Amino acid sequence: MRRRNKMIFSLVAFAIVLVIATVLSYFILTSEMKNQQDKTKILSDSVAGRIEERLLARTYLTRTWEILITGYLGDITEDNFNIVATQFCDDYADIERIMLIRNNNIDFMYPQTGNYYNPITENKLTKEILAINGPVDLGNGERGIIISRRLYLGVDKTDDEFWGYSVITLNLNQLLNEMAFSDLEETGMVYKLTDTYSGLVLIESDEESQNTKVETVVNVPDGGTWILSLTQKDGWVSIRELLTIIGAVLIISILTAYLVYSMLSLKARGKDLEKMSYYDNLTGLLNPRSYKEKTEELKKKKAPYCLIYMDLNDFKHVNDTYGHKAGDELLKIVSKRLANSIRDKDNAYRVGGDEFVVVTEGSYNKNFIDNIILRIRENVARDVVIGGGKTKLKVSISCGYARYPEDGKSFEEVAQKADDAMYYNKRLLKARRITGQDRR
């Protein structure tokens, strides 16, 4: 009887533990899967944000031609064109070719040698101010993206003021090569970037997976959208993780402690995810997602504010000369100096590789904003020592600002004017260097 009772109690205990283990395992596995998907979503948003920033930066290059052509009253020379085009191609490795087109003829093109994609023969020139087409066959075995902008000599942009087109051809692989896609594939991540309108795949991994995908919308500057999808090739939870969890929960003596540990871990993960969502991992400044939410807040409040746009001068040269590790070290130092140069109630954001925005809320005159920028310039301009004291760098920034409502009736107008002011400052600095007025 005793032996029989022991057997019954043992079976009952086994059944209870098995039920508890099954329920708990399901909860933990579901939480772990959700945690992995949340991390993947953050990663997907980050990659999508960098793609948007890179596309937007390239569209600014097409607009630069309009500014230059307007400055030359429409009479740009080949020498003028080649100087600027050469600089653009040197600065951006993904640019395959630059064209200026008038009356269905390619007036200027750089470089002039090699195969090239002709947007005229392919009927890719539209009535839209800005158009992005791709992927297209560039004729050299590579695929590309074509960005075209209609250029006008007047602000009204009437047919009489129409000058022609600026067209930039981008190498698609070069454009996306720094988006960590190769690293994703090495870690077992399956990815795909698809044009929503045409359904064409811009880039995808070699492997396929039937697992649930995490998707993020990439907003293309011409109004279109791409979809970036990520998933794990072998599933969100591995067999090894499954066996580990089942073995752990079967140990009754540590069941309660494991439950407490799991709850605290989930809470900590939530805080980490929250911080990762709003702060830049490298510099500690607020990130593009945080800036986007701030812009929505400013639009709703309609209270006075000022946007200060800035970026580092010659940052690409630092990366090319000393390596990306040195570039990251420089960004950390500059970001810390920037944060120390503004008031506690002002916010500093890193919105791109070396691009920053400071938001100052309230009504202030130009002298007040000029003093803020002067303080930032002076702090950032102090010599930067990196590489354990082996390398000393001279650092400077290009700045531009605009205030609401003095400089625009909407956030978009204020942001555009601040951005234009920054690029004007950058072009002015380059012009001074070329003419020898600035030896830095």
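The model shown is predicted, which means the values in this text are computed figures rather than measured ones. Scope of the values below: all heavy atoms of this structure, side chains included, with no hydrogens, waters or symmetry mates.
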> Taking all non-hydrogen atoms of both residues, which atom of I203 and which atom of R143 are closest, and how far apart?
Replying inline: N-NH2, 4.1 Å

> In terms of heavy-atom contacts, does NZ of K192 have more than 12 from other residues, nucleotides or ligands at under 6.0 Å?
Replying inline: no

> Is the shortest distance from a Lys or Arg side-chain nitrogen in D280 or R350 to a carboxylate oxygen in the other one below 4.0 Å?
Replying inline: yes

>> For a side-chain contact (heavy atoms from CB on, under 4.5 Å) check, start with the C-alpha distance between W65 and F88, then their side-chain angles and the critical distance, and finish with the verdict.
In response: CA-CA 11 Å; W65 287 111; F88 283 173; 3.8 Å; yes

> With a 4.5 Å heavy-atom cut-off, do K124 and V167 have their side chains touching?
Replying inline: no

> Would I69 and E66 count as a side-chain contact (heavy atoms from CB on, under 4.5 Å) if you check the C-alpha gap in whole Å, the side-chain angles of each, and the deciding distance to 0.1 Å?
Replying inline: CA-CA 5 Å; I69 290 172; E66 187 170 55; 5.9 Å; no

> Between K332 and D328, is there a salt bridge with N-O shorter than 4.0 Å?
Replying inline: no

> Is a donor on one side and an acceptor on the other found under 3.5 Å between the side chain of E355 and the backbone of V351?
Replying inline: no

>> Are V395 and I333 packed together at the side-chain level, in the sense that at least one heavy-atom pair is separated by less than 4.5 angstrom?
In response: no

> With the threshold set at 4.0 Å, does a side-chain nitrogen-carboxylate oxygen contact exist between D383 and K394?
Replying inline: yes

> Is there a side-chain contact between T59 and D222, using heavy atoms and a 4.5 Å cut-off?
Replying inline: no

> Listed by chain and number, what are the ring pair (Phe, Tyr, Trp, His ring centres under 6.0 Å) partners of Y424, not counting sequence neighbours?
Replying inline: none

>> For a 4.5 angstrom cut-off between non-hydrogen side-chain atoms, does V359 reach L307?
In response: yes

>> Please give me the minimum heavy-atom distance between R403 and N365, naming the atom from each residue.
In response: NH1-CA, 3.6 Å

>> Heavy-atom count check: over 12 atoms from other residues, nucleotides or ligands less than 6.0 Å from K299 NZ?
In response: yes

> Among all residues two or more places apart in sequence or in another chain, which pass the salt bridge (charged side-chain N to carboxylate O under 4.0 Å, His left out) test with R102?
Replying inline: D107

> Near Y197 OH, under 6.0 Å, is it more than 12 heavy atoms from other residues, nucleotides or ligands?
Replying inline: no

>> Could you check whether D420 pairs with R63 (Lys NZ or Arg NE/NH1/NH2 to Asp/Glu carboxylate O, under 4.0 Å)?
In response: yes

> In terms of side-chain heavy atoms, does E293 have a donor or acceptor partner in Y278 at a distance below 3.5 Å?
Replying inline: yes

>> The criterion is salt bridge (charged side-chain N to carboxylate O under 4.0 Å, His left out); which residues satisfy it with R149, sequence neighbours excluded?
In response: none

> Where is the tightest heavy-atom contact between N379 and R337, given as atom of each residue plus distance?
Replying inline: O-CD, 3.2 Å

>> Once you measure the plane-to-plane angle for Y291 and Y309, does it fall in the parallel (<30°), tilted (30-60°) or perpendicular (>60°) bin?
In response: perpendicular

> Can we say K301 and E361 salt-bridge, meaning some charged N sits less than 4.0 Å from an Asp/Glu carboxylate O?
Replying inline: yes

> Aromatic ring centroids of W163 and Y72 under 6.0 Å?
Replying inline: no

> Would a distance-only check, ignoring hydrogens and angles, find a side-chain to backbone donor-acceptor pair under 3.5 Å from K316 to D90?
Replying inline: yes

> Does Y116 have any ring pair (Phe, Tyr, Trp, His ring centres under 6.0 Å) partners at least two apart in sequence or in another chain, and if so, which?
Replying inline: none

>> What I'd like to find out is whether the side chain of L100 reaches to under 4.5 Å of the side chain of L151, using heavy atoms alone.
In response: yes

> Is it true that E52 and K292 make a salt bridge, defined as a side-chain N closer than 4.0 Å to a carboxylate O?
Replying inline: no

>> So does L175 get a backbone contact from the side chain of R54, meaning a donor-acceptor N/O pair under 3.5 Å?
In response: yes

>> Other residues, nucleotides and ligands only: do more than 12 of their heavy atoms fall within 6.0 Å of NZ on K157?
In response: yes

> Can you find a pair of side-chain heavy atoms, one from K39 and one from I42, that are under 4.5 Å apart?
Replying inline: no

>> Quick check on side-chain contact (heavy atoms from CB on, under 4.5 Å): which of I98, D91, I95 does L61 satisfy it with?
In response: I95

>> I'd like to know if the side chain of N425 and the backbone of A421 have a donor-acceptor N/O pair within less than 3.5 Å.
In response: no

> Pick from L200, L202, T194: which one makes a side-chain contact (heavy atoms from CB on, under 4.5 Å) with W226?
Replying inline: L202

> Are the side chain of D94 and the backbone N or O of L170 linked by a donor-acceptor pair below 3.5 Å?
Replying inline: no

> Taking C-beta and beyond as the side chain, do N313 and K426 meet within less than 4.5 Å on heavy atoms?
Replying inline: yes

> Can you name the nearest heavy-atom pair linking T126 to Y165, along with the distance?
Replying inline: O-OH, 2.9 Å

>> Test of understanding: with ring pair (Phe, Tyr, Trp, His ring centres under 6.0 Å), list the residues that count as partners of Y364, not counting sequence neighbours.
In response: F368

> Any idea which heavy atoms bring F108 and I76 closest together, and the distance?
Replying inline: CZ-O, 3.4 Å

>> My understanding is that only residues two or more places apart in sequence, or in another chain, count here; which of them pass side-chain contact (heavy atoms from CB on, under 4.5 Å) with D354?
In response: D311, L312, F315, L331

> What's the shortest heavy-atom distance between T231 and T212, and which atoms?
Replying inline: OG1-O, 2.8 Å

